[in-house]
A.B. asks: 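Before anything else, here's the structure in question.
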2 protein chains.
Amino acid sequence: MTDPADSTPAPPPPSPWERERPARTRAAVARTPLSRERIVEAAFTVLDRQGLDGLSMRQVAAELGVTVSALYAHVSSKDDLLELMYTRLFDGFELPRPDPDRWQEQVRDYARAGRRRLLSHRDMARISMAHVPFTAELLPYVESLLAIFRTAGLPDRIAAEAGDLISTYIDGFVLEEGMWRDRAAEQSGEDTSLARPDWREMAEEMQDYFASLPAQDFPHLRALAGMMVTDSSDERFDIGLEIILRGLASYLPDATKRAPSDDGRAPDTT
Amino acid sequence: MTDPADSTPAPPPPSPWERERPARTRAAVARTPLSRERIVEAAFTVLDRQGLDGLSMRQVAAELGVTVSALYAHVSSKDDLLELMYTRLFDGFELPRPDPDRWQEQVRDYARAGRRRLLSHRDMARISMAHVPFTAELLPYVESLLAIFRTAGLPDRIAAEAGDLISTYIDGFVLEEGMWRDRAAEQSGEDTSLARPDWREMAEEMQDYFASLPAQDFPHLRALAGMMVTDSSDERFDIGLEIILRGLASYLPDATKRAPSDDGRAPDTT
DNA sequence: ACCTGAACACCGTTCAAGT
DNA sequence: ACCTGAACACCGTTCAAGT
């Protein structure tokens with residue numbers, strides 16, 4: 001993000017009297033040498049505009065004002081590029097120092113921050129689901145999450161699984177959010193780019209559909225329709241998260257669920 | 001599967017004396033009229049052989065001995081075909097009648113069966129993640145899962161979320177399984193088709209890598225390496241499932257976690 | 001050293017034309 | 001009614017050639 005080597009002098013804006021130079025100005029700006037960073041940046045621009053299905057090497061090249069083949073000097077393949085985008089997702093992610101007394105809050109913060117980052121670019125959850133955070137750069141994040149679980153006192157087998165479970169939950173939830181958003185967008189207007197709130201319309205339509213089902217065949221679906229399709233997905237996210245946290249908490253050695261402050265219960269290291 | 005309209009007489013096998021007729025015989029067999037069923041079947045064959053990235057309309061057509069454009073008379077798009085494959089996944093899925101006393105076992109059965117079905121075709125989890133079981137045909141399965149949760153006595157808001165949570169977990173877990181399998185396959189041999197057990201080799205390699213990390217920076221990752229990458233993923237699947245089930249159980253109205261048989265606690269319908 | 005141009009082997013989808 | 005052939009507008013990747 002804040003790259004000190006990035007201090008290329010930007011050309012001054014055109015003075016008021018020089019009128020409409022060919023569109024070369026933009027092209028010249030784009031001529032700053034290619035780099036992995038710039039390619040990733042352009043890829044995000046294309047992603048947000050066209051979605052993952054519209055993200056092609058050719059579109060990225062066009063965004064940079066460059067030939068497709070030029071990209072392959074900096075990036076070995078499209079998969080490589082997608083991995084760079086995935087890794088970028090973790091940039092500046094806060095790593096808390098594990099506090100046994102606040103482990104649930106720390107996991108909540110971790111999950112909410114993860115969801116927020118996934119929501120920051122279109123179809124990002126789809127990219128995230130296709131990757132695993134076991135590259136050298138990302139291991140500190142995995143370690144940090146495991147640290148929270150283990151210093152909280154969770155048994156090793158549970159802690160080992162909890163990281164996967166939480167990550168899968170975040171990715172899966174946001175993926176589904178995106179699907180609904182896409183469906184709403186393609187239904188209402190053709191303006192695919194903006195995340196317009198006219199998806200509430202679809203939510204109502206969906207609820208009407210559930211309500212129209214035969215009562216004797218679908219009693220539970222009818223009863224829960226209002227809560228399964230809701231506009232505030234923040235609340236839904238927190239509920240699912242809470243279910244997982246309660247499940248994890250049930251494995252804590254001391255039966256008293258949430259001691260306000262339990263002193264000196266060291267995790268069995270080694 | 002058992003389609004009674006599928007009784008087209010198969011041509012007898014070539015008699016011993018007629019030698020090597022041009023390869024027309026196979027072509028003639030393939031000439032049984034096209035149908036959505038046959039297209040889906042061929043698509044699964046291609047999927048298992050080449051994976052989702054190698055599944056193209058052209059390959060499916062080739063598998064059927066037919067031109068690509070012929071497919072579009074029966075299937076409106078590739079997405080349509082993928083949705084048919086997704087729906088097929090549920091064929092013959094057992095729907096239990098909800099039993100409040102055995103709700104946890106019923107959910108376990110549901111989840112294990114779901115995973116087994118996803119594992120029955122390559123990359124099936126990726127297809128599943130891209131869909132939502134809210135088409136008319138699949139609603140009974142959603143209803144059935146919700147029924148288990150609700151008659152068990154879970155609060156509505158929890159029951160509504162539980163279905164999503166479980167489904168996401170199953171898909172996510174199997175997706176990851178597939179990623180490891182692929183990675184192992186591309187590393188060891190080029191024979192992509194078979195699910196060879198030479199992936200144990202990669203598991204060891206992975207564990208060695210974790211063990212090689214600096215001890216002061218990655219204590220937890222090192223401690224848990226053995227349980228995070230294991231060959232028996234069945235066990236790992238059950239552990240994650242158990243965490244979710246315990247979380248859900250914590251929302252049951254009666255504090256006593258698992259009353260052996262609690263009579264007459266009806267779910268608040270309406 | 002870095003980028004272009006052209007090519008290769010693919011895609012999904014459409015549509016006039018054949019039988 | 002059902003399928004073919006050809007075309008359109010795309011793909012990811014490679015590689016010789018330019019500057």
Side-chain angles (χ1 to χ4, degrees), chain A residues 5 8 24 26-43 46-47 49-86 123 126-127 130 182 186 190 192, chain B residues 5-6 8 23-24 26-43 46-47 49-86 123 126-127 130 182 186 190 192:
Chain A
T8 341
R24 290 266 173 244
R26 260 192 92 262
V29 170
R31 284 288 181 259
T32 45
L34 232 43
S35 67
R36 289 167 79 85
E37 280 306 318
R38 289 193 58 226
I39 293 175
V40 171
E41 192 189 347
V46 175
L47 181 68
R49 192 172 51 220
Q50 330 216 245
L52 183 55
D53 294 330
L55 174 63
S56 71
M57 297 300 275
R58 293 178 130 97
Q59 293 286 327
V60 173
E63 181 68 28
L64 290 163
V66 133
T67 330
V68 216
S69 41
L71 302 179
Y72 286 86
H74 303 89
V75 146
S76 67
S77 68
K78 188 182 180 181
D79 277 346
D80 186 24
L81 176 54
L82 289 172
E83 190 174 323
L84 286 174
M85 297 172 79
Y86 171 67
D123 283 344
R126 282 173 64 188
I127 295 177
D182 289 351
E186 95 189 12
E190 297 293 352
T192 44
Chain B
D6 208 316
T8 341
R24 292 263 173 243
R26 261 190 92 261
V29 169
R31 285 283 181 261
T32 45
L34 232 44
S35 67
R36 290 167 78 85
E37 281 304 318
R38 289 193 59 225
I39 293 175
V40 171
E41 191 188 349
V46 175
L47 181 68
R49 193 172 49 220
Q50 330 216 245
L52 183 56
D53 294 330
L55 175 64
S56 70
M57 297 300 276
R58 293 178 131 97
Q59 293 287 328
V60 173
E63 181 67 28
L64 291 162
V66 134
T67 330
V68 216
S69 40
L71 302 179
Y72 286 86
H74 303 88
V75 147
S76 67
S77 68
K78 188 181 179 181
D79 277 346
D80 186 24
L81 175 54
L82 288 172
E83 190 173 322
L84 287 174
M85 296 171 80
Y86 172 66
D123 283 343
R126 283 172 65 188
I127 295 177
D182 289 351
E186 94 189 15
E190 298 293 353
T192 45

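Chain identifiers are assigned alphabetically (A, B, ...) following the order of the sequence lines, protein sequences preceding nucleic acid strands; residue numbering begins at 1 within each chain.
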A.B. asks: Return the value, rounded to whole Å, for the distance between atom CG of A:Leu71 and atom C1' of C:dC2.
C.D. replies: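 Interatomic distance, CG of A:Leu71 to C1' of C:dC2: 13 Å.
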A.B. asks: List in chain and number order the residues that pass side chain to side chain contact (heavy atoms under 4.5 Å, CB included) with B:Ala62, two or more places apart in sequence or in another chain; answer none if no residue qualifies.
C.D. replies: none
A.B. asks: Please round to the nearest 0.5 Å and tell me the distance separating atom CG of A:Asp182 and atom CG of A:Asp123.
C.D. replies: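 Those atoms lie 6.0 Å apart.
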A.B. asks: Among residues at least two apart in sequence or on other chains, which ones pass side-chain hydrogen bond (donor to acceptor under 3.5 Å, both in side chains) with B:Asp80?
C.D. replies: B:Ser76
A.B. asks: Can you tell me if A:Thr67 uses its side chain to pair, donor with acceptor, with the backbone of A:Ala70 under 3.5 Å?
C.D. replies: no
A.B. asks: Where do B:Leu55 and B:Lys78 come nearest, in terms of heavy atoms and distance?
C.D. replies: O-NZ, 2.9 Å
A.B. asks: Please identify each residue that fulfils ring-ring contact (aromatic ring centres under 6.0 Å, His included) with A:Tyr86, with sequence neighbours left out.
C.D. replies: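 ring-ring contact (aromatic ring centres under 6.0 Å, His included) list for A:Tyr86, sorted by chain: A:Phe90, A:His131.
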A.B. asks: What is the distance, to the nearest angstrom, from the CG atom on A:Leu64 to the P atom on C:dC3?
C.D. replies: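 After rounding, the gap between these two atoms is 10 Å.
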A.B. asks: Hey, could you give me the NE2/CG distance between A:His74 and A:Leu81, rounded to the nearest 0.5 Å?
C.D. replies: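 Here the interatomic distance stands at 13.0 Å.
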A.B. asks: Pull out every stem in DNA chain C, meaning runs of 3 or more consecutive Watson-Crick or G-U wobble pairs with both distances under 3.5 Å.
C.D. replies: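 DNA chain C forms these stems: C:4-8 with D:12-16, C:12-16 with D:4-8.
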A.B. asks: Can you measure B:Arg36 atom CZ to D:dC2 atom C1' for me and round it to whole angstrom units?
C.D. replies: 16 Å
A.B. asks: Using the P atom as the reference point in each nucleotide, state the distance between C:dA9 and D:dA9 in Å, no decimals.
C.D. replies: 22 Å
A.B. asks: Would one find a side-chain N or O of B:His74 under 4.0 angstrom from OP1 or OP2 of D:dC2?
C.D. replies: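 For D:dC2, neither OP1 nor OP2 has a side-chain N or O of B:His74 closer than 4.0 Å.
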A.B. asks: Which letter, B, S or -, goes with each nucleotide of nucleotides 7-19 of chain D from 5' to 3', with contact meaning a protein heavy atom under 4.0 Å?
C.D. replies: B---BBBBB----
A.B. asks: Apply side chain to side chain contact (heavy atoms under 4.5 Å, CB included) to A:Ala42 and list each qualifying residue two or more places apart in sequence or on a separate chain.
C.D. replies: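 Here the qualifying residues are A:Val60, A:Glu63, A:Leu64.
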